[in-house]
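Since the structure comes first, as structure tokens, the remarks are kept for the end.
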Amino acid sequence: MNRFAKGLLAALLLLLSSSTFAQQGKRLEERLRDHLYLLTSEELRGREAGTEDAAKASDYIAEQFAAMGLEPYIGDSYFQYFTVAGAPNKTFRNVIGIIEGNNPALSNRYIVVGAHYDHLGVQLGQIYPGADDNASGTSALIELARNLLANRDKLGRSVIIVAFDAEEMGLHGSNYLAEVMPADRIDLMISMDMIGWLEEAERLTIEGVGTIDNGAEWIIGLPPSINLKLKQYERSVMTATDTRGFAQAGVPTFAVTTGTVSPYHKPGDTADKIDFDGLKEITLFMTTLVESASANPDFAHSGKLAAIHSALPIAQLGITGSFGRSSVRWPDSALRGKDGQLLGAGLTFQLNLGRWFTLRTGARYEWSSPKWPDDDKPYAAATRLNIEQITTPLTIGARLPLTDSRTYLYLGAGWYYTQRLKASVGKQQVPLGDNGIRTDEGGPIVEWGLNMGKVQFSLVNRYGIEDLFTTPTQGKTRTRNTLCEVTYFF
Ligand SMILES: [Zn+2]
């Protein structure tokens, strides 16, 4: 480095530190505003993970941490680098600091507070500024760290402050930290994600209070008063946030948010729409919440986690509703039956075998009404048969996990068996057995579907290979059923 460069660097450092001093005198709301406008500025182009733009954002956060005197979590760097499969040449990094607790009995335990700083970047030439998602959480995180440092005497457990990278790509930053940290030493993990719209949302939502012993009572008693909506557990698999990796490691987690009232994942999620007064209130409230969690020796895990975070059980029982088409086919001729309806209700039993396989069975009570063409009326004048029957499917399938163990696609194939109970044409009973329609039938079944949490949607095809009835003019007929099924697992 030559002398000119050294001089330039010294001047830059002076400029940086003087602007930092100026910052420390500013009021909380102004500082939140400064962070948020900087993070959403055009220069940072939407902070897409793995780009120079995200690197600038993480540099800014690290500078803020350094300026307030936050200790780096790993050695002397705030940056924790990690890789993302499928993006081998890109750099990803969390920004992490730590405030050591004062209570010798608790200081080797942790409260982790995080907010992701990445967003969607530029798409089709448009910048996605991500002001609410999640410059709001990141700005609050920086100021939360400053408040906690100022009150560090009150802390018992150590507090880890982390700005996560690559959340939008699939929670990579938080998953990585959850993997490398000792989960059994974390007493609470908090993710602040989208907290910039308090006025519009009217309440701050905290999901996961059921993961802490008497969590709701504890939080309601905390000052300063703020309108809260407490949920025992996170429910929606569609709005996953950085809590997931920690929850899957067995850690109690809170997801803190004002919800998706902002223009979610749209270019219109801009800084000018942020409720800074609300963001300030949330920052102050989160400060007392973290201080309280850190100091309280009795603070404990309730032992419960949200179902969406827990592993898939080996055996599941659910209720199923089905609706779809039932039709009659004439395999020996060109004649095709018309589509009638099929409705059903029953139970599904699913065995999850290892990581990939699923065995499914159950029983459905069904009302089926296949039709046939007007020019071929095997029974009286009607063109519709009404059948009540019980069907038992048995399939083996493959699961393809998507975002977590309870969100997966599956494809299955097997056999079904139907026992007919009653059949009629209009008001006239049709006999079952030799003189009427066949009492039972079987055939191959193919199904595929999507499981999200406790709910499963499937599309099922059943191909009857035994004859339903024989008409004098057209010969043998078989059934074909195409159904949608919705199952709710208990
Ligand atoms: Zn987000």
Side-chain angles (χ1 to χ4, degrees), residues 24 28 31-32 35 61-62 64-78 80 94-115 137-164 174 177-178 180-192 195 204 206 208-209 211-215 217-224 226 242-243 246 251-256 280-302:
Q24 276 164 5
L28 173 58
R31 283 197 296 255
L32 289 167
H35 302 321
I61 299 161
Q64 291 296 317
F65 285 177
M68 70 177 73
L70 185 68
E71 225 179 286
Y73 173 57
I74 306 157
D76 55 2
S77 167
Y78 293 108
Q80 178 187 50
N94 294 327
V95 193
I96 318 180
I98 181 168
I99 311 172
E100 300 275 355
N102 287 307
N103 184 336
L106 295 175
S107 61
N108 68 342
R109 306 203 58 81
Y110 300 114
I111 307 288
V112 176
V113 191
T138 309
S139 304
L141 183 79
I142 295 168
E143 291 311 309
L144 175 71
R146 190 191 313 279
N147 292 346
L148 293 173
L149 273 175
N151 298 347
R152 64 183 311 164
D153 305 348
K154 295 186 188 170
L155 301 182
R157 291 171 182 80
S158 298
V159 178
I160 289 177
I161 302 285
V162 46
F164 292 118
S174 52
L177 181 62
V180 298
M181 272 195 80
D184 56 341
R185 282 169 58 190
I186 307 173
D187 286 326
L188 178 64
M189 187 274 169
I190 301 169
S191 164
M192 298 187 291
I195 54 172
L204 179 67
I206 304 181
V209 299
T211 60
I212 293 295
D213 249 354
N214 301 316
E217 292 88 331
W218 161 60
I219 289 171
I220 287 165
L222 290 173
I226 183 167
D242 290 307
T243 51
F246 291 87
V251 175
T253 54
F254 287 0
V256 178
K280 181 187 78 180
E281 276 185 58
I282 292 169
T283 306
L284 291 172
F285 178 76
M286 291 308 295
T287 304
T288 53
L289 188 148
V290 174
E291 280 173 11
S292 170
S294 160
N296 181 358
D298 299 328
F299 188 82
H301 186 4
S302 68

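- Considering all non-hydrogen atoms of both residues, P252 and T211 come closest at CB-OG1, 3.5 Å.
- Qualifying salt bridge (Lys or Arg N to Asp or Glu O under 4.0 Å) partners for E281, counting only residues two or more places apart in sequence or in other chains: none.
- Remark: E71 engages I98, E100 in a side-chain contact (heavy atoms from CB on, under 4.5 Å) (not counting sequence neighbours).
- Residues passing the side-chain contact (heavy atoms from CB on, under 4.5 Å) test with N151, sequence neighbours excluded: K154, E291.
- With sequence neighbours excluded, no residue forms a side chain to side chain donor-acceptor pair (under 3.5 Å) with R152.
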Worksheet item: Run the side chain to side chain contact (heavy atoms under 4.5 Å, CB included) check on R146 and L28 step by step: do they pass?
Response: CA-CA 10 Å; R146 190 191 313 279; L28 173 58; over 6 Å; no
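- Taking every heavy atom of both residues into account, L141 and A163 meet most closely at CD2-N, 3.7 Å.
- Once rounded to the nearest 0.5 Å, the distance linking CD1 of I206 with CD1 of I212 reads 11.5 Å.
- In plain terms, the two heavy atoms of A295 and L106 that are nearest each other are O-CD1, 4.1 Å.
- Once rounded to the nearest 0.5 Å, the distance linking OG1 of T138 with CD of Q64 reads 12.0 Å.
- Here CG of L148 is found 4.5 Å from CD1 of I99. Values are rounded to the nearest 0.5 Å.
- M181 contributes atom CE, which lies 13.0 Å from atom OG of S174 (distance to the nearest 0.5 angstrom).
- Counting all heavy atoms, side chain and backbone alike, I190 lies closest to M286 at CG2-CE, 3.7 Å.
- Atom CG of D242 is separated from atom CG of L177 by 10.0 Å, given to the nearest 0.5 angstrom.
- The side chain to side chain donor-acceptor pair (under 3.5 Å) search around S191 returns T241, not counting sequence neighbours.
- Listed by chain and number, the residues in a side chain to side chain donor-acceptor pair (under 3.5 Å) with D187 are R109, R157 (sequence neighbours excluded).
- A distance of 6.5 Å separates CD1 of I219 from CZ of F285, quoted to the nearest 0.5 Å.
- With sequence neighbours excluded, no residue forms a side chain to side chain donor-acceptor pair (under 3.5 Å) with T283.
- Checking side-chain atoms of R185 against main-chain N and O of Y110 turns up no donor-acceptor pair under 3.5 Å.
- Taking the side chain as every heavy atom from C-beta outward, N147 and L284 approach each other to under 4.5 Å.
- Residues meeting the side-chain contact (heavy atoms from CB on, under 4.5 Å) test with S107, sequence neighbours left out: S158.
- The two residues L144 and V113 come nearest to each other via the heavy atoms CD2-CG1, 3.5 Å.
- M68 approaches I142 most closely through the heavy-atom pair CE-O, 3.4 Å.
- The ring pair (Phe, Tyr, Trp, His ring centres under 6.0 Å) search around F299 returns W218, not counting sequence neighbours.
- Listed by chain and number, the residues in a ring pair (Phe, Tyr, Trp, His ring centres under 6.0 Å) with Y78 are F65 (sequence neighbours excluded).
- With sequence neighbours excluded, the residues forming a side-chain contact (heavy atoms from CB on, under 4.5 Å) with A300 are D213, listed by chain and number.
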